[in-house]
Number of protein chains: 2
Amino acid sequence: MDTRTCVDRIYAVGPKVDPVPRLAWCPGLRDQKLRAEVMRSARTYRAGETITSEGGNTAPLLFILDGWVASWKMLWDGRRQIIDVALPLDVLTPLSACGKRAWCGLDALTISVVAAPSMPLVSLEVPAPLLSQGLGPSIAAARARQAERILRIGQGSAYERVGYVLLELFVRLSAIGRANGNRFRVSMTQQRIGEYIGLSSVHVCRVLSRLCADGIISHRDEEIEVLELDALAEIADVNLGHFRERILPAATN
Amino acid sequence: MDTRTCVDRIYAVGPKVDPVPRLAWCPGLRDQKLRAEVMRSARTYRAGETITSEGGNTAPLLFILDGWVASWKMLWDGRRQIIDVALPLDVLTPLSACGKRAWCGLDALTISVVAAPSMPLVSLEVPAPLLSQGLGPSIAAARARQAERILRIGQGSAYERVGYVLLELFVRLSAIGRANGNRFRVSMTQQRIGEYIGLSSVHVCRVLSRLCADGIISHRDEEIEVLELDALAEIADVNLGHFRERILPAATN
DNA sequence: CGTAGCTTTGACCGGCTTCAAGCTATGTGG
DNA sequence: CCACATAGCTTGAAGCCGGTCAAAGCTACG
């Protein structure tokens, strides 16, 4: 499958963002030749396709050039929790402490383009004092999102959780030019949304209905329109200004 | 307050572990003089004392030399979620993406000794290709624990959650020589355990009773004895071998 | 000895899950 | 072009898990 045409096809659909210059966000990717090398290692995955299975082999760094990618873990009986959803221009570090295996499974939620450069990055000596800079903007943002989500899953009601996850996705998509004003596309089934925030798909459906009935949002299929952003932020218990600063890679602001 | 005497006093209580050589686990701390510098910046906190408040100033790296430290986030109405519990020899990176403020609050759950070296570590150029090594063993382990916990909080029953958290603490304490055979001390109130796994303190109490009634554990106050480790691992849905590899800093194994 | 904080136990109830059935949209093969 | 299958969404009914409220025991400590 020709990667170039796939990239082009995807980019023709949504608002255009050229990933190459924006990859400059990534730690150690200020060098343009390196960025080109990353692009060259890109591969396209179909929606639903497995990128890595838990405990399997993986590259240390994955760059999401386009699409939605879910990282998840599973209990023996099949109950599944989505740990995080990576959006275009996010960076994933699926390597576990032992250095060989992935600590999570990775699924493409939509058709996705993922770069997994192995050779060039191993030789990449991270020059900056990475730790004191907070682990690189993209990884720090992922951690902040994770903490916010743990807080809602652990303490929030279903209404608050769904409100939160919609707001999180809206803010992140807006930042990368993939929202259309107050509208955006949630490229997840209600089943998957439930796995993301610890609810059954049936209850996700009910809560979405209630959010519509309350005039906070409206939706047709996966297309969401935020009608009352402030009200949504209040439900999610989010201060929008601080929230953006924390869950977005710094360079996005 | 004289740090040395506090350290000594604590170390006189539990099984002894000299933190200085084991700090060699930490990324960039192989140099003995640096380690001594870290020790010199240590400060003692009383149980319940705030180390950092959410959004406050913080050092980029905190070394837990002794004690239990909870990192937490809160909703506006006071509901609190403990994001992670750091034990002796763990490393915390509370700095958020913006690089100035802490993304979480930090409380000492017990009397604790925490080193927060600011000067020497800023000048520390991380030499190894840190990313490809998985972010340093301690931080990678913290992330793995977090993923495991999200899975249980999102998908597990109360019984599974409590079983999991007891097992997690038991495994981690054993690794640093702070368990006594099958016995260990949970230095958290049931209220705090609940905040850690998203349950009310009342229900934590009930589940603990049930674990005792089922012969899995026994406990007096905060002193827990694991009677049936395999059964506990089954409840927690954990493969002990893999689990240890993943949630412990690599050098511990 | 009294107070404060934590644990334990009981009673009640409501939020969420589960099960089930019907609906819609999309795709497939005759 | 229609019959049929599949996947996801929606809605209802029933039941249980876990939260909340309340009161009583237990320890530690001043």
Side-chain angles (χ1 to χ4, degrees), chain A residues 46-49 68 70 75 77-81 107 109-111 152-166 185-214 217-224 235, chain B residues 46-49 68 70 75 77-81 107 109-111 152-166 185-214 217-224 235:
Chain A
R46 289 187 303 275
E49 196 171 351
W68 293 35
L75 296 174
D77 62 359
R79 281 173 289 172
R80 197 170 87 133
Q81 175 71 32
D107 276 6
L109 291 171
T110 68
I111 179 171
R152 270 72 185 188
I153 295 175
Q155 304 298 325
S157 67
Y159 199 61
E160 293 167 325
R161 293 188 217 182
V162 173
Y164 173 80
V165 76
L166 291 180
R185 183 176 184 78
V186 180
S187 301
M188 306 167 77
T189 64
Q190 295 180 356
Q191 171 72 33
R192 295 253 155 67
I193 296 175
E195 291 170 354
Y196 197 31
I197 52 178
L199 293 174
S200 68
S201 61
V202 173
H203 206 60
V204 169
C205 176
R206 283 189 229 278
V207 171
L208 283 174
S209 307
R210 193 173 145 214
L211 282 167
C212 290
D214 293 351
I217 63 167
S218 68
H219 75 119
R220 280 172 48 91
D221 303 324
E222 293 183 345
E223 201 72 25
I224 305 261
I235 291 166
Chain B
R46 289 185 303 275
E49 197 171 350
W68 292 37
L75 296 174
D77 61 0
R79 281 172 290 172
R80 198 171 86 134
Q81 175 72 31
D107 276 7
L109 293 171
T110 68
I111 180 170
R152 269 73 185 188
I153 295 176
Q155 304 299 326
S157 65
Y159 198 61
E160 294 167 324
R161 292 188 219 182
V162 173
Y164 173 80
V165 76
L166 291 181
R185 182 177 184 77
V186 180
S187 301
M188 305 168 76
T189 64
Q190 296 180 355
Q191 170 71 34
R192 295 254 156 67
I193 294 175
E195 290 171 355
Y196 197 30
I197 53 178
L199 293 175
S200 69
S201 61
V202 173
H203 206 61
V204 169
C205 177
R206 282 189 231 277
V207 172
L208 283 175
S209 308
R210 194 174 144 210
L211 283 168
C212 289
D214 292 350
I217 62 167
S218 68
H219 75 119
R220 281 172 46 90
D221 302 325
E222 293 183 345
E223 201 74 25
I224 306 260
I235 291 166

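Order of the sequence lines fixes the chain letters, A, B, ..., with proteins taken first and strands second; residue numbering starts at 1 for each chain.
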Looking at C:dG5, I'd like to know if its phosphate oxygens (OP1 or OP2) sit under 4.0 Å from a side-chain N or O belonging to B:Q191. no

Interatomic distance, OG@B:S200 vs CD@B:Q190, rounded to 0.5 Å, equals 10.0 Å

Specify the separation, in whole Å, of atom CD of B:E195 and atom P of D:dG19. 13 Å

Round to the nearest Å and state the distance from A:I193 atom CD1 to D:dC9 atom C1'. 12 Å

Polar atom pairs between nucleotides 15-18 of chain D and protein, under 3.5 Å, N or O only, would you list them?
residue, atom, partner, partner atom, Å
D:dG18, OP1, B:A158, N, 2.8

Okay, side chain of B:R161, backbone of B:L199: is any donor-acceptor separation there less than 3.5 Å? no

Measure the shortest side-chain to side-chain distance between B:V186 and B:M188 over non-hydrogen atoms and say whether it is less than 4.5 angstrom. yes

Protein-nucleotide distance (B:E222, atom CD; D:dT27, atom P), rounded to Å: 14 Å

Taking the side chain from B:E195 and the backbone from B:Q81, do they hold a donor-acceptor pair closer than 3.5 Å? no

Please enumerate all protein N or O atoms sitting under 3.5 Å from an N or O of nucleotides 25-27 of chain C, with distances to 0.1 Å.
none

Note: A:I153 and B:G154 closest approach over all heavy atoms is CG2-CA, 4.1 Å

Strictly under 3.5 Å: I want the nitrogen or oxygen pairs between protein and nucleotides 11-13 of chain C, one per line.
residue, atom, partner, partner atom, Å
C:dA11, N6, B:R206, NH2, 3.0

A side-chain contact here means heavy atoms from C-beta on lying under 4.5 Å apart; do A:V204 and A:Q191 qualify? no

Checking B:R185 against B:D221 for the side-chain contact (heavy atoms from CB on, under 4.5 Å) test, could you report, in this order, the C-alpha distance in whole Å, the side-chain angles of both residues, the deciding distance, and whether it holds? CA-CA 9 Å; B:R185 182 177 184 77; B:D221 302 325; 5.8 Å; no

Starting at atom CZ of A:R192, determine the distance to atom P of D:dC9, rounded to an integer number of angstrom. 10 Å

Atom CD of B:Q190 and atom C1' of D:dC26 are separated, to the nearest Å, by 13 Å

Could you check if a side-chain atom of B:D214 sits within less than 4.5 angstrom of a side-chain atom of B:I235, using non-hydrogen atoms only? no

Return no unless some side-chain N or O of B:S209 is found under 4.0 Å from OP1 or OP2 of C:dT9. yes

Can you check the B:I197 CD1 to D:dG19 P distance for me, whole Å? 10 Å

Within-4.5 Å side-chain heavy-atom neighbours: A:R80 and A:R192: yes

CG of B:L208 versus P of C:dC6: gap in Å, rounded? 16 Å

Gap between atoms CD1 and P, on A:I224 and D:dC9 respectively (whole Å): 11 Å

Any heavy-atom pair between the side chains of A:Y164 and A:I197 that's under 4.5 Å? no

Keeping B:T110 on the side-chain end and B:W68 on the backbone end, is there a donor-acceptor pair under 3.5 Å? yes

